[in-house]
Amino acid sequence: LFGGIDDAYFTGNLTWIPLSAQSYWQIKVDRYITMYGRPIACPYGCQAIVDSGTSMLAGPGLGVGNIHYEMGTTRSSGGLHKVSCRFIHLLPDIVFVIAGTQFPLPPKAYIRQLEDGSCASGFEAYALPTATDELWVLGDIFLHC
């Protein structure tokens, strides 16, 4: 919808977040990303691009590696980070703090069930050429919550 907001397409409160760069829908993640209430990534704040054209949550290798470690994932031969579907209910929310607001991402959002019935992380690591190498891409997994 251009030029307005249609309440029929979301529930909850709408949070306005200022752009930190106008080249993309780029925003600042305030302090860090937490898991189990502890900082897990983005320890000094970082930048993120909100992108409806990306299905996953992508970020720097170190931060995503920390998240995968805490999830207890194992890397498959195909490069996916798999987790036991039986233990999804034990995983915590992963919380992004943006513009002073906490955005919790529940396990049902960041764990994907694959066609073969197994489960995999919705986070992927990659390097982007930035000065700090701390740029995250918040795709559909984030936007749907």
Side-chain angles (χ1 to χ4, degrees), residues 1-2 4-36 39-43 45-99 101-145:
L1 176 69
F2 290 101
I5 299 168
D6 188 340
D7 295 349
Y9 292 103
F10 73 94
T11 59
N13 297 320
L14 189 62
T15 302
W16 294 98
I17 300 170
L19 296 179
S20 58
Q22 294 186 11
S23 55
Y24 298 101
W25 292 103
Q26 187 170 324
I27 59 173
K28 182 179 184 322
V29 177
D30 290 350
R31 293 184 302 265
Y32 38 72
I33 300 165
T34 66
M35 191 171 184
Y36 295 108
I40 194 76
C42 188
C46 56
Q47 296 291 308
I49 296 170
V50 182
D51 183 16
S52 62
T54 300
S55 59
M56 306 282 277
L57 275 159
L62 181 61
V64 172
N66 289 342
I67 291 169
H68 284 156
Y69 176 81
E70 291 293 332
M71 277 188 218
T73 65
T74 56
R75 190 168 183 154
S76 72
S77 59
L80 295 175
H81 289 270
K82 293 200 170 184
V83 64
S84 171
C85 296
R86 292 185 309 204
F87 297 114
I88 292 172
H89 70 282
L90 298 175
L91 293 172
D93 289 353
I94 296 176
V95 180
F96 291 77
V97 181
I98 302 168
T101 301
Q102 292 189 1
F103 293 90
L105 195 62
K108 67 179 181 180
Y110 66 80
I111 300 294
R112 303 175 304 137
Q113 184 150 12
L114 305 175
E115 291 178 10
D116 66 2
S118 65
C119 293
S121 167
F123 285 86
E124 64 183 352
Y126 72 98
L128 290 174
T130 64
T132 62
D133 197 35
E134 276 287 320
L135 182 66
W136 289 74
V137 179
L138 307 180
D140 291 342
I141 288 172
F142 181 84
L143 293 171
H144 286 163
C145 284

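Since this is a predicted model, take the numbers as computed values, not measurements. No hydrogens, no waters, no symmetry mates; every other heavy atom, side chains included, goes into these values.
Put simply, the side chain of Tyr110 reaches to within 4.5 Å of the side chain of Leu91, judged on heavy atoms. Side-chain contact between Phe123 and His81: absent, with no pair of heavy atoms (C-beta onward) separated by less than 4.5 Å. Within the 4.5 Å cutoff, the side chain of Trp136 has heavy atoms near those of the Pro60 side chain. Contact annotation: the side chain of Cys119 approaches that of Ile88 to within less than 4.5 Å [non-hydrogen atoms, C-beta and beyond].
Within 6.0 Å of OH on Tyr69 lie no more than 12 heavy atoms contributed by other residues, nucleotides or ligands.
The side chain to side chain donor-acceptor pair (under 3.5 Å) check on Thr34 picks up nothing, with sequence neighbours excluded. By the side chain to side chain donor-acceptor pair (under 3.5 Å) test, Asn66 is found to be paired with no residue, residues two or more places apart in sequence or in another chain being considered. Legend: residues meeting side chain to side chain donor-acceptor pair (under 3.5 Å) with Gln102, ordered by chain and number and at least two apart, are absent.
In plain terms, the two heavy atoms of Val29 and Ala48 that are nearest each other are CG2-CB, 3.9 Å. When every heavy atom of Cys85 is checked against every heavy atom of Ser118, the shortest pair comes out as SG-C, 3.6 Å.
The distance from atom CZ of Phe96 to atom OG1 of Thr101, rounded to the nearest 0.5 Å, is 14.5 Å. Atom CE in Met71 sits 5.0 Å away from atom CE in Met35 (nearest 0.5 Å). In this structure, CD1 on Ile94 lies 8.5 Å from CD1 on Ile33, to the nearest 0.5 angstrom. One finds the SG atom of Cys42 at 7.0 Å from the NZ atom of Lys28 (value rounded to the nearest 0.5 Å). With values rounded to the nearest 0.5 angstrom, Asp116 atom CG is found 4.5 Å from Lys82 atom NZ.
The main-chain N or O of Leu138 is never found under 3.5 Å from a side-chain atom of Asp51 such that the two would form a donor-acceptor pair.
Applying the salt bridge (charged side-chain N to carboxylate O under 4.0 Å, His left out) test to pairs two or more places apart or on separate chains, none has a residue in residues 104-114. Sequence neighbours left out, not one pair with a member in residues 83-96 passes side chain to side chain donor-acceptor pair (under 3.5 Å).
Among Thr54, Ile111, Leu105, the one residue that satisfies the side chain to side chain contact (heavy atoms under 4.5 Å, CB included) test with Ile141 is Leu105.
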Distance-only criterion, 3.5 Å: show the donor-acceptor pairs between side-chain atoms of residues 13-24 and protein atoms not counting sequence neighbours.
unit_1 : atom_1 : unit_2 : atom_2 : d
Ser20  : OG     : Gln26  : O      : 3.3
Ser20  : OG     : Gln47  : OE1    : 2.3

Step by step, work out the side-chain contact (heavy atoms from CB on, under 4.5 Å) result for Ser52 and Asp140. CA-CA 6 Å; Ser52 62; Asp140 291 342; 4.2 Å; yes
